[in-house]
A.B. asks: 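Next up is a structure, given as structure tokens.
All chains are named by letter (A, B, ...) in the order of the sequence lines, taking the proteins before the strands, and each is independently numbered beginning at 1.
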Number of protein chains: 2
Amino acid sequence: MTADLVILAIEDEPQLVRFLRASLAGHAIRLIDAPTGAAGLVEASTRVPDLILLDLGLPDMDGVEVCRRLREWTKIPILVLSARGQERDKIEALDAGADDYLTKPFGIGELLARIRVALRHSQRGPGASEPVIETGNLRIDLALRRVLRAGAEVHLTPNEFKLLAELVKNADRVVTQRQLLKAVWGPGSVDHTHYLRVFMANLRHKLEDLPARPRHLMTEAGVGYRFRTET
Amino acid sequence: MTADLVILAIEDEPQLVRFLRASLAGHAIRLIDAPTGAAGLVEASTRVPDLILLDLGLPDMDGVEVCRRLREWTKIPILVLSARGQERDKIEALDAGADDYLTKPFGIGELLARIRVALRHSQRGPGASEPVIETGNLRIDLALRRVLRAGAEVHLTPNEFKLLAELVKNADRVVTQRQLLKAVWGPGSVDHTHYLRVFMANLRHKLEDLPARPRHLMTEAGVGYRFRTET
DNA sequence: TTTGATCTTGACGTTTTCTTGATACGGCGG
DNA sequence: CCGCCGTATCAAGAAAACGTCAAGATCAAA
């Protein structure tokens with residue numbers, strides 16, 4: 001269920017990186033690393049990790065500056081690891097946007113616990129885009145797993161919801177039968193196109209005013225289906 | 001312009017409280033304090049502060065337990081202040097729901113910086129939840145761990161309460177079986193879905209007028225359960 | 001040790017959801 | 001006009017998920 005987490009370590013000490021990677025591997029966490037601030041900024045923006053471990057003592061630029069630059073565009077949790085234990089350093093880093101500050105040497109257990117805290121925080125923030133679609137008299141909230149039709153709640157079965165979700169995630173674009181089948185029933189049922197007809201019919205009955213003349217759940221003959229927004 | 005912030009210090013050392021109050025006053029922060037864990041829980045639910053400073057070495061109960069009890073109903077940031085610097089203590093507190101952990105003695109500057117971080121976090125995200133939920137003929141006070149049905153107190157067993165709390169915290173949203181099992185029985189029992197059925201049945205018998213036709217404790221087949229407010 | 005409350009476990013009936021087949025519809029080319 | 005193909009609809013049986021009850025097991029307090 002939980003997709004593997006990715007953590008970026010901006011850290012120039014290979015030993016520490018290796019140690020971190022080993023420690024995190026057992027927790028379904030993949031570690032990518034960057035040895036310089038510049039490389040870290042690039043990695044952060046291209047790989048978009050779930051959390052960033054940031055060393056303050058980087059060879060090319062000040063860690064606090066890295067922090068600031070990251071905060072210009074992202075709210076990814078930043079956990080600072082530093083050999084400097086001065087209060088001034090901590091305050092500066094925290095005010096630059098860091099979420100936590102650990103002084104080396106630190107225990108791996110504490111680090112993991114603080115990582116858990118940071119991930120807990122980022123779970124509920126408005127970090128990601130809003131997965132709520134409103135169109136016509138439909139309101140579909142993928143995150144809350146909730147569908148309203150003209151204000152009234154509509155109950156969907158698990159597979160109905162999965163199917164609708166796949167369509168809504170690709171709103172206004174054609175989704176092939178193959179892709180839908182794979183998303184809902186798994187890669188093993190790619191040719192049971194009949195499932196699609198049955199479930200699309202069910203969805204139309206639950207969501208459309210005139211199931212025979214759908215306004216949103218459009219079929220693209222020979223290809224797949226499409227969720228149409230707007231009226 | 002900014003409305004005053006209110007911080008609750010659950011701390012039995014008057015000296016420290018006085019020092020904190022003085023330090024915070026200059027930052028438009030009002031400090032209220034509670035000398036015991038029990039008093040702290042009450043203050044937290046009645047005053048609903050913006051942040052909680054929690055001493056682990058309280059005279060009446062374990063600080064970690066206080067933390068857990070708070071997390072049963074609220075997401076108010078909790079910053080632990082402790083004389084204990086052992087890694088095990090930190091991990092335990094952080095996993096119990098604390099957001100940060102400072103070891104005494106600490107610098108006031110660092111404390112303020114960490115308070116700023118915590119407040120920054122709580123700004124986004126949905127604010128602290130209500131400590132009391134009323135709907136239909138039910139009145140659920142998560143902070144006091146009390147449940148009234150039509151004015152009469154209902155006795156819940158520990159696990160029943162945990163299950164209800166997890167549902168109520170996510171009122172009107174679907175909570176997956178996985179999440180419920182993890183919250184009540186721990187991460188090791190994620191597939192004992194039978195527990196859920198038994199305990200949901202118990203809860204319905206205690207809280208619903210017609211257990212077979214529940215108005216609040218709704219099941220979402222194949223997914224989980226949902227606590228429905230209003231009619 | 002006994003007691004009482006709570007938790008765990010298993011069996012069994014019910015409900016919901018999924019799968020499957022039969023049949024009907026509609027556009028298109030022959 | 002007819003048959004073909006992909007699609008839509010409906011309903012019944014199968015499978016999975018859920019609700020219920022009650023008998024052990026566990027644990028802490030008396």
A.B. asks: On DNA chain C, check which nucleotide each of A:L156 and B:V198 is closest to and give me the residue with the more 5' one.
C.D. replies: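 Closest to the 5' end, via its nearest nucleotide, is B:V198.
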
A.B. asks: With a non-hydrogen cut-off below 4.0 angstrom, is A:H192 in contact with a base, only sugar-phosphate, or nothing?
C.D. replies: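 Since no nucleic acid heavy atom lies under 4.0 Å of A:H192, the category is nothing.
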
A.B. asks: Tell me: CD of A:E220 to P of D:dT7, nearest whole Å?
C.D. replies: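 So the two atoms are 11 Å apart, to the nearest Å.
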
A.B. asks: Could you tell me whether the phosphate oxygens of D:dA17, OP1 or OP2, come under 4.0 Å of any side-chain nitrogen or oxygen in B:Q177?
C.D. replies: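 No, B:Q177 has no side-chain N/O under 4.0 Å of OP1/OP2 on D:dA17.
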
A.B. asks: Between A:Y195 and A:S189, do the side chains contain an N or O donor and an N or O acceptor separated by less than 3.5 Å?
C.D. replies: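 Looking only at side-chain atoms, A:S189 and A:Y195 do not form any donor-acceptor pair under 3.5 Å.
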
A.B. asks: Atom CZ of B:F199 and atom P of D:dT20: how far apart are they, to the nearest Å?
C.D. replies: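 Value for this atom pair: 15 Å.
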
A.B. asks: Using whole Å, what does the distance between atom P of nucleotide D:dT20 and atom CE of B:M200 come to?
C.D. replies: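 Rounded to whole Å, this separation is 10 Å.
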
A.B. asks: D:dG19, OP1 or OP2 - any side-chain N/O from B:Y195 closer than 4.0 Å?
C.D. replies: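 Checking D:dG19 against B:Y195, no side-chain N or O comes under 4.0 Å of OP1 or OP2.
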
A.B. asks: Rounded to the Å, how far apart are A:R197 CZ and D:dC5 C1'?
C.D. replies: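 Taking atom C1' of D:dC5 as the reference, CZ of A:R197 is at 10 Å.
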
A.B. asks: Would A:R114 and B:D100 pass as an ion pair if we require N to O under 4.0 Å?
C.D. replies: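 Salt bridge flag = yes for B:D100 with A:R114.
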
A.B. asks: Which of parallel (below 30°), tilted (30 to 60°) and perpendicular (above 60°) describes A:W185 and A:F199?
C.D. replies: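 Perpendicular.
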
A.B. asks: Quick check on A:K182: does its NZ atom have over 12 non-hydrogen neighbours (other residues, nucleotides or ligands) under 6.0 Å away?
C.D. replies: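 Count not over threshold, so no.
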
A.B. asks: Please determine if A:E208 and A:R213 form a salt bridge, counting it only when a charged side-chain N lies under 4.0 Å from a carboxylate O.
C.D. replies: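 Here A:E208 does not pair with A:R213 in a salt bridge, since their nearest N and O are not under 4.0 Å apart.
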
A.B. asks: Between B:R68 and B:E65, does any side-chain N to carboxylate O distance fall below 4.0 Å?
C.D. replies: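 Looking at B:R68 and B:E65, the cut-off is met.
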
A.B. asks: Rounded to the nearest angstrom, tell me the gap between atom CG in B:L196 and atom C1' in D:dA16.
C.D. replies: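 B:L196 atom CG is separated from D:dA16 atom C1' by 16 Å.
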
A.B. asks: Write down the distance between NE2 (B:H194) and P (D:dA22), rounded to a whole number of angstrom.
C.D. replies: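 Distance check: B:H194 NE2 to D:dA22 P gives 14 Å.
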
A.B. asks: Which is more 5' along DNA chain D, the nucleotide nearest B:V223 or the one nearest B:H205? Just name the residue.
C.D. replies: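 Closest to the 5' end, via its nearest nucleotide, is B:V223.
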
A.B. asks: Both A:H155 and B:H155 contact DNA chain C. Taking the nearest nucleotide for each, which residue is further toward the 5' end?
C.D. replies: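 That would be B:H155.
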
A.B. asks: Heavy atoms only, 4.0 Å cut-off, all strands: where does A:T219 land among base, sugar-phosphate and nothing?
C.D. replies: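 Sugar-phosphate: the residue A:T219, judged by heavy atoms under 4.0 Å, touches backbone atoms but no base.
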
A.B. asks: How is A:F161 classified with respect to the nucleic acid when contacts are heavy atoms under 4.0 Å: base, sugar-phosphate, or nothing?
C.D. replies: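 Counting heavy atoms under 4.0 Å across all strands, no contact is made by A:F161.
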
A.B. asks: Just wondering, are more than 12 heavy atoms of other shown residues or ligands nearer than 6.0 Å to CD in B:Q86?
C.D. replies: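 Not more than 12 within 6.0 Å, no.
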
A.B. asks: Could you give the start and end, 5' to 3', of the contact zone on DNA chain C for chain B, using atoms under 4.0 Å from its heavy atoms?
C.D. replies: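 Range of nucleotides touched by chain B: C:dT6 to C:dT17.
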
A.B. asks: Can you measure B:M218 atom CE to D:dA17 atom P for me and round it to whole angstrom units?
C.D. replies: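 The answer, rounded to whole Å, is 20 Å.
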
A.B. asks: Would you mind reading off the distance between A:L217 atom CG and D:dT9 atom P, rounded to a whole angstrom?
C.D. replies: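 Distance, rounded to whole Å: 11 Å.
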
